[in-house]
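The next block holds one structure in the form of structure tokens; read it before the comments.
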Amino acid sequence: MTVAASNRRLKITLIGAGSTVFTRNLLGDILAYPELAGAEISLHDIDAHRLALSEQVAHRIADALGAQPVIRASTDRRAALDGANVVINTIQVGGYKPATVTDFDIPKKYGLEQTIGDTLGIGGIMRGLRTIPVMLDMLRDMEAVCAPGAIHLNYVNPMAMITWALNASSTRIPTVGLCHSVQHTAGELARDLGIPVEEIQYHCAGINHMSFYLRFEHQGRDLYPRLREIQRDGAMPDWNRVRYEMLHQLGYFPTESSEHFSEYVPWFIKQGREDLLKKFNIPLDEYPGRCQVFEHAWPYIERELQKPGSQDPAALLAQLRTAGIHVMPRSIEDAPHMLEGLRQVVRSVEYGSSIIHSVVTGQPCVINGNVLNHRLIDNLPQGCAVEVPCVVDHNGVQPTRVGELPVQLAALMRTNVNVQELVVAAILKQEREHVYHAAMLDPHTAATLDLAQIRAMVDELLVAHRPFLPDYLHG
């Protein structure tokens, strides 16, 4: 990104800016930096109503921070991207209804249960198939109209598949995948240990949603013995039993939540094994439940965004508790904090603003980013998407070499990389048969269904998702 060397105003474009709460958090982070406070902020969404709300919120954030950006909003994607130095992407293709509901309901008919369905498994596969083609179209627009040296920061899942496909398709616009699982899990473990998270040092690497802390320390002291003690004593939070079990079995702690991780592997969700669901506290259909929570919460959020301080978090909580939503209890209890969090501008743990600030100013920072594996991790396939520590400065996002991962971790990751590779190949090679191959090789799907069931399920899903899929996947 070359804006620092010119007198031209930095332009940051947010695609999917109708994700108003996340857009608000990102803009609060960005505009809090004095060096970024005068940037041009270009907001784009296909939902004009949500876009207008985000524009209103953006002006309010700027006023609260004393920043003076130029804020523009447009439903014209090319116009929003024109001259952009940074593109931040937060889209969802197909939405909760109908796409996510379809991703859960059709597999359930075949006996295949899921928890989140946005990264791997049949839900992750279908989300990738309907999202990657849209993002490739966006990438072509970026190549045509973005500023020289522009960078694409992607927050959209399935992260690894998208990062792989887009970087394999463009050398002009690099895509860096950003997730908050590494920093969120560090905070969760810090609370389990009773140590301030800012005092913890770690080294973490792997693939998105399946990275592991290779080192986790406090003032030079290894914290893994204490984490293993928590596991042995059963003192972990009830909602985090899966990851502590993986620590016990593999020797390292994974970054993505227990509800996510349980569907990336073949061991926790099995037909007729209610005992496993109970033992590890696995919340089936968690993501649809969270979507229902947000549906109830959105009218409160919208009114709060329009008039800060106007909404009662206790009223929202009372409504959610009586709504009969099948979801983890903490998804209900934490929802009112969304309202409370909208009343002040507090820096989040998201990496996006730090990346932009470091590239513009040259002041370095370190993030965990998703990039292509070019001699970064030796025992994962070259060219796949990996999540590794990256140094960011005037030279951009520079991944650091990890070398070899512990062999058991790399072996587990490769079972997920296989699925990611086949989804990317289905899109880039326009080969429908690879969709079936991806489902056949998915660890959870293969542990639950036979080949005939897998083919029948994929057939049905491809028909149901037809409005969101490119022609070559129609069959």
Side-chain angles (χ1 to χ4, degrees), residues 92 94-97 99-128 131 156-161 179-181 184-185 188 207-211 236-247 249 253-295 324-335 412 415-416 419-420 423 438-439 442-449 454 457 461:
Q92 183 181 7
Y96 163 49
K97 296 176 181 178
T100 296
V101 171
T102 299
D103 286 343
F104 278 75
D105 284 355
I106 289 177
K108 195 178 298 184
K109 289 167 48 180
Y110 293 84
L112 184 62
E113 301 275 8
Q114 300 171 89
T115 52
I116 303 295
D118 71 352
T119 296
L120 207 76
I122 194 62
I125 290 168
M126 299 312 299
R127 183 178 284 234
T131 304
V156 182
N157 283 320
M159 179 66 66
M161 297 178 195
C179 181
H180 47 232
S181 61
H184 275 186
T185 298
E188 291 165 355
I207 61 174
N208 182 242
H209 287 191
M210 196 179 273
S211 285
M236 74 288 289
D238 284 343
W239 48 264
N240 215 4
R241 296 176 188 171
V242 168
R243 287 196 291 180
Y244 271 95
E245 180 67 14
M246 297 315 301
L247 166 64
Q249 298 290 345
F253 203 95
T255 55
E256 192 43 76
S257 68
S258 285
E259 60 270 22
H260 273 270
F261 196 95
S262 63
E263 65 182 5
Y264 304 156
V265 295
W267 309 309
F268 296 104
I269 306 172
K270 292 179 174 293
Q271 287 182 321
R273 293 297 305 274
E274 295 294 325
D275 59 312
L276 287 175
L277 300 180
K278 183 176 180 180
K279 177 180 179 180
F280 293 105
N281 199 23
I282 295 169
L284 299 180
D285 296 329
E286 174 65 15
Y287 185 64
R290 291 179 187 177
C291 291
Q292 293 171 50
V293 169
F294 195 79
E295 282 189 332
I325 301 171
H326 177 76
V327 72
M328 293 169 68
R330 67 180 189 142
S331 294
I332 297 284
E333 302 304 316
D334 289 349
L412 179 60
T415 67
N416 282 217
V419 180
Q420 296 161 4
V423 173
D442 174 67
H444 174 43
T445 303
T448 306
L449 305 182
I454 291 171
M457 177 183 66
L461 283 164

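Quick note: numbers below take in every heavy atom, side chains included, and nothing from hydrogens, waters or symmetry partners.
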How are the rings of H209 and Y264 set relative to one another: parallel (under 30°), tilted (30 to 60°) or perpendicular (over 60°)? parallel

Taking all non-hydrogen atoms of both residues, which atom of [X] and which atom of [Y] are closest, and how far apart?
X    : Y    : value
N281 : D238 : ND2-O, 3.0 Å
S258 : N240 : OG-OD1, 2.9 Å
C179 : N208 : CB-ND2, 3.4 Å
P158 : G128 : CG-CA, 3.6 Å
P107 : T102 : CD-O, 3.7 Å
A335 : V293 : CB-CG1, 4.0 Å

Do side-chain atoms of R290 reach the backbone of M328 as a donor and acceptor pair under 3.5 angstrom? no

Using modelled atom types only, decide if a donor and an acceptor are shared between the side chain of H260 and the backbone of M210 within a distance under 3.5 Å. no

Rounded at 0.5 Å granularity, tell me how far [atom1] in [X] sits from [atom2] in [Y].
X    : Y    : atom1 : atom2 : answer
I325 : F294 : CD1   : CZ    : 12.5 Å
I207 : L120 : CD1   : CG    : 7.5 Å
L112 : T448 : CG    : OG1   : 5.5 Å
I125 : T445 : CD1   : OG1   : 6.0 Å
E286 : L284 : CD    : CG    : 10.0 Å
I116 : S257 : CD1   : OG    : 6.0 Å

Of D118, T100, T131, V156, the one forming a side chain to side chain contact (heavy atoms under 4.5 Å, CB included) with Q92 is T100

Can E263 and T115 be counted as having a side-chain donor-acceptor contact under 3.5 angstrom? yes

Is there a side-chain contact (heavy atoms from CB on, under 4.5 Å) between I454 and D442? Walk through the geometry before answering. CA-CA 10 Å; I454 291 171; D442 174 67; over 6 Å; no

Could you check whether any side-chain heavy atom of [X] comes within less than 4.5 Å of a side-chain heavy atom of [Y], counting everything from C-beta outward?
X    : Y    : value
L276 : F268 : no
M457 : I122 : yes
Y287 : D103 : no
V419 : P443 : yes

One thing to verify: whether K279 and E245 come together as a salt bridge, which I'm taking to mean a side-chain N less than 4.0 angstrom from a carboxylate O. no

Before you tell me yes or no, could you show the steps for Q292 and V327 under side-chain contact (heavy atoms from CB on, under 4.5 Å), namely the whole-Å CA-CA distance, both residues' side-chain angles and the distance that decides it to 0.1 Å? CA-CA 9 Å; Q292 293 171 50; V327 72; over 6 Å; no

Apply the side chain to side chain donor-acceptor pair (under 3.5 Å) test between R243 and each candidate in E188, E259, E256; give the one that qualifies. E188

